[in-house]
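Since the structure comes first, as structure tokens, the remarks are kept for the end.
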Amino acid sequence: MTMLELERISKSFGAAQVLREVSLCVRGGEFLTVVGPSGCGKSTLLRVAAGLLEPDSGEVRLDGVCINGWEPSRRDVAMVFQNYALYPHLSVERNLAFPLENARLSREVIRARVQESAALLGLSSLLARKPAELSGGQMQRVALGRAIVRNPRFFLFDEPLSNLDPRLRGELRVEIAALQRRLAIPTLYVTHDQAEALSLGSRVCVLCEGRVEQVASPREVWEQPASTRVATLLGSPSMNLLRLPLAGGRAELGGFRFEGARFEGATEVVLGLRPHELLPGNDLEGCVEWVEEQGDRQVVEGLFGPHRLRLAGPFRPGLARGERIGIGLRDVPCHWFEAQTGLRLPSEPPRNR
Amino acid sequence: MKLARAAWIAAALLVALCFGYPLWFLLVTSLQPEGQGLQAGGLEGATHFENYARALRQMGDFPVLLRNTVLLTLLSVAGQLFTCSLAGYALARVRFRGRELCFGLVLGAMCFPDTVGAIARFLLFRSLGLVDTYAPLVLPTVLGGAPLFIFLFRQYYRSLPEELGEAARVDGCSHFAIWRKVMLPLSRPMLVTVGLFTFLATWNDFWAPLVYLLSPEKRTLSLALAGFQRTYDTSVECLMAASAVVLAPCLLVYFVGQRLFLRGVRVAASKG
């Protein structure tokens, strides 16, 4: 089983440091998604893994062997790009055959492998076409075919679905997941779409400003975000962050008192509440500032005392600006973060008040 | 609206006349009887097709002249396309130390008129013992003597998505293979444009052959044309007939390549 390791990778372009000591490990057959806001360095990370860019420091290892300085072809990697990067002057068949021709395989082997990959992706009827004659979904399928045809040691995906419309994106997402599971080739998949990252990844890496914020299972990243940056990146609308002052080691919100050993020594903490977990109730009263209808639910922004909160859920139909609204806080999952660093405070066993 | 269209057509006709009349004048004069001199452009008396045979005889060994010119032109076009596109690719997509400096030098070279370096170049080729060979005519173009074309290719390659080259690298291509297998096939409009410009420039070049070619058997068509102009007895109708013959391939190549050429110019204009 192949294992791809990135250790303490740093990379700058001029004065801009894009990656800061990023360490990651993709184990055999694993699907690791890297998610982050645009400009966080995720594409650079992928190009370093591919060998298209050399890191300023740090090591890329494949099965324990340092492969810094190796050309991409020697690394035996396949990459799928956001804009497909198909060769416009070649037919679908020649596009698929291109990496094999460069590897100087025999004509029969090339033909057999191209047929096989084309059949796997439902491209057999399109082999004679030029990329310009394909739809976006078909083009990305050809790009996938060009990646799997070589049977590489690992896969790299650079936002492969971003240029497709939402419905197609959902379809191809399922297809990519099934394909990867079937081929069991370790995969590094970069995206800015949190839904993609959570649904595809067996593990998710959250990258912010060139630093790894958290690497964990999708569930863990969602339920126990390691920092406010992770917490706000995942989820739409994003998590509410409330700054609460501590008085005598206690924070207060809507008649609820929070205290615990984790607050020790701090004067202020940040409380994170997911919008869709704040349901109608009587614990906290506020005034509706803005309502967005989304069909099955409403997204509401309201002012609750000093706090501005976003809520998402089925509220009373016809809810309008200026109306009073109440939410319940009992049993709402609370995420606690340090005020200065934004790092998650350790969880504590619940205690009776 | 209609008026604007009419004005536009009138302007186009006027321009066409400006370019078409000299051609017409050339053809008509070439068919005049001997000693008629320049004609304003009437058709009467323009029946002397034997002028063409006479002109070809007077030019010297026409097949040799034609062969020399074609050879020179083909070498220059092929060399120009090869080096300019290769250099353009390197300046656009290969990361190496000093690339921007190189590009700056290429841009700087665009500012120098060819004649500035003419004497130095002549001295150089003389010291290399290459006078009276085709080397001084071909080498400068083959070695990338056209910074403008390098610049055009660079801009064109910059306009292609960078991922294309990255994909080819991942698929096992060296930089040279990326250029040959991906970039070159995609730059057809540029190849046609630069090829046409180089063809016209080399075919019509008079100055460099005049300076460097001494032996009669190495002469080119444009040199032979100049041989018609003498102090006392320039045979105008023969000069015009010979000119028409020399001009014909240019017109042919131009019209054949015109559609591609215009596309190339548009590309160059929008990317430049």
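Numbered from 1 within each chain, the chains take letters A, B, ... in sequence-line order.
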Does any backbone or side-chain atom of A:Ala143 lie under 4.5 Å from a heavy atom of chain B? Answer side chain, backbone, both or neither.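 Neither part; nothing is under 4.5 Å.
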
Under 4.5 Å from any heavy atom of chain B - which part of A:Leu86: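 Interface part for A:Leu86: backbone (N, CA, C, O).
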
A side-chain contact here means heavy atoms from C-beta on lying under 4.5 Å apart; do [X] and [Y] qualify?
X: A:Pro72; Y: B:Asp171; answer: no
X: A:Leu53; Y: B:Arg95; answer: yes
X: A:Tyr87; Y: B:Leu186; answer: no

Would A:Phe98 and B:Val182 satisfy side-chain contact (heavy atoms from CB on, under 4.5 Å), going step by step from the backbone distance to the final call? CA-CA 10 Å; A:Phe98 194 82; B:Val182 180; 4.0 Å; yes

Distance in Å, A:Asp158 CG paired with B:Glu163 CD, rounded so as to fall on 0.5 Å steps: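 Reported value, rounded in 0.5 Å steps: 7.5 Å.
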
If you count heavy atoms of other groups shown closer than 6.0 angstrom to [atom1] of [X], is the number above 12?
X: B:Arg99; atom1: CZ; value: yes
X: B:Phe19; atom1: CZ; value: no
X: A:Arg61; atom1: CZ; value: yes
X: A:Arg8; atom1: CZ; value: no
X: B:Phe112; atom1: CZ; value: no

Quick one: closest heavy-atom pair of [X] and [Y], and the distance?
X: B:Arg169; Y: A:Leu52; value: NH1-O, 3.6 Å
X: B:Val170; Y: A:Arg150; value: O-NH1, 3.3 Å
X: A:Arg146; Y: B:Ala167; value: NH2-CB, 3.6 Å

So, A:His89 side chain and B:Met183 main chain: donor-acceptor pair closer than 3.5 Å or not?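 Not confirmed, A:His89 side chain does not pair with B:Met183 backbone.
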
Interface residue of largest heavy-atom contact number with chain A, from B:Cys173, B:Ala168, B:Ser174, B:Ala177, under 4.5 Å: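 Result: the option with the highest number of such pairs is B:Ala168.
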
What residue, out of A:Arg75, A:Arg47, A:Met79, has the most heavy-atom pairs lying under 4.5 Å from chain B?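 Option with the greatest count: A:Arg47.
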
